[in-house]
Amino acid sequence: MPELLEVESYRRLADRTVGRRIRSIDTPDAWYLKGNTAEELKAAVVGTTVVATGRRGKLLTLTLGNGRILGLRFGMTGRLIVDGEAAIDELVYGARRQNPGWDRFTMRFGTRREPPGWLTMSDPRRLGGVELDPDIERLGPDAATISRPQLMEALRSAAPVKAALMDQGRIAGLGNLLTDDVLWRAGLAPARSSNSITGDELATLHRAVRATLRVLARRGGSHTGDLQDERSRGGHCPRDGAPLRRDQIGGRTTIWCPVHQR
DNA sequence: CCGGATGTTCACCT
DNA sequence: GAGGTGAACATCCG
């Protein structure tokens, strides 16, 4: 998916639907509906209005006029399209082409007197989903606004710091690409046990989370990190020129510099 | 042809 | 219980 930065741009796009009334929904893929049948979903949302958008980590939420919350998850390849316009032209690991067969969920808006339009989730790999009233509190604090004490709490674990940062229940929003760039920026080895992080290192890591999100947001997304060009082929550290390492940590391919990440 | 890819969940180990 | 591993989902790309 889309990590935090992409989902935030999806949220801003979805903001366009605030104030619109949901006329109908298309649910061509029952598997995409988590926890509800199409009939239940339809009964809960059709006829109500989108009153707000929100985001916690990689979860996009649409608050409806009846108090229900519609949670949208995008997996690795999910895209959001509103009124035919996509928030992001091309996902790095997503499909280049567009295929109507990948439309997994659509809301159609408008009545005689209210604004029309539609919102579609397109997801080739079907790794995302739509859930009514998702358990948002199962997610940790959002990475974009997490405080230093909250980060310390998130790292109260014997797991590698990389695994803890990717654990959405501990801290929400960081995926594989962002996490590698955060640790690179912080100078921390990804396999370091979380509870071995010192107070000074925690402060550095906290700043690195914020800096990485700020810088990559400005550059255009999670795939614009300093390590991105080095991910595919064995590259060199942009900071000190050392050969980068490629390891499996927390179940994911991890790129890191053994010289300055300690 | 094969392996891996911005993710999550689950079963099964240690 | 905590942590790790591999599978599953489906498609594209190198």
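Chain A is the first sequence line, chain B the second, and so forth, proteins listed ahead of strands; every chain is numbered from 1. Quick note: numbers below take in every heavy atom, side chains included, and nothing from hydrogens, waters or symmetry partners.
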Measure the distance from CG on D167(A) to P on dG4(C) and round it to the nearest whole Å. 11 Å

Interatomic distance where CG belongs to D180(A) and C1' belongs to dG4(B) [whole Å]: 15 Å

Indicate whether OP1 or OP2 belonging to dT6(B) is found under 4.0 Å from a side-chain N or O atom of K58(A). no

Keeping T61(A) on the side-chain end and G54(A) on the backbone end, is there a donor-acceptor pair under 3.5 Å? yes

Counterpart base for dA10(C), defined by Watson-Crick or G-U wobble contacts under 3.5 Å: none

Using Watson-Crick or G-U wobble geometry with both distances below 3.5 Å, tell me the partner of dT6(B), or none. none

What does R138(A) touch in the nucleic acid at a heavy-atom separation under 4.0 angstrom: a base, only the sugar-phosphate, or nothing? sugar-phosphate

Separation of Y10(A) atom OH from dG7(B) atom C1', in whole Å? 13 Å

Is there a side-chain contact between R246(A) and I255(A) (heavy atoms, below 4.5 Å)? yes

Using the P atoms only, state how far dT8(B) lies from dG1(C), rounded to an integer number of Å. 23 Å

Starting at CE of M76(A) and ending at P of dT8(B), how long is that distance when rounded to a whole Å? 10 Å

Looking only at the side chains, is there a donor atom on one of Q248(A) and T253(A) sitting less than 3.5 Å from an acceptor on the other? yes

From C-beta outward on A158(A), which listed nucleotide comes closest to its side chain: dG3(C), dC9(C), dG4(C)? dG3(C)

Sugar-phosphate, base or nothing in reach of Q168(A), heavy atoms under 4.0 Å: sugar-phosphate

Is the number of heavy atoms from other residues, nucleotides or ligands under 6.0 Å of D200(A) CG greater than 12? no

Rounded interatomic separation in angstrom, taking CZ from F74(A) and C1' from dC9(C): 18 Å

For atom CG of L59(A) and atom P of dT9(B), their distance in whole Å: 10 Å

Against the side chain of T253(A), the closest entry in dT11(C), dC9(C), dG4(B) is dG4(B)

Proximal nucleotide (of dA5(B), dG3(C), dT6(B)) relative to the R125(A) side chain: dA5(B)

Picking from dG3(C), dC12(C), dT6(B), which would you name as closest to the side chain of W102(A)? dC12(C)

Looking only at dT11(C), dG4(C), dG7(B), the nucleotide nearest the E3(A) side chain is dG7(B)

Nearest atoms (heavy-atom pairs only) where L4(A) meets L178(A): N-CD1, 4.2 Å

Atom CD of Q248(A) to atom P of dG7(B): distance rounded to whole Å? 13 Å

Could you work out the separation of dG4(C) and dT6(B) based on their C1' atoms and round it to a whole Å? 22 Å

Just checking S157(A): base, sugar-phosphate only, or nothing, at a heavy-atom cut-off of under 4.0 Å? sugar-phosphate

Backbone N/O of C257(A) and side chain of Q261(A): donor-acceptor pair under 3.5 Å: yes

Using a cut-off of strictly less than 4.0 Å, decide whether T77(A) has a side-chain nitrogen or oxygen near OP1 or OP2 of dA5(B). no

Length of the line joining Y32(A):OH and dA10(C):P, which is rounded to integer Å: 12 Å

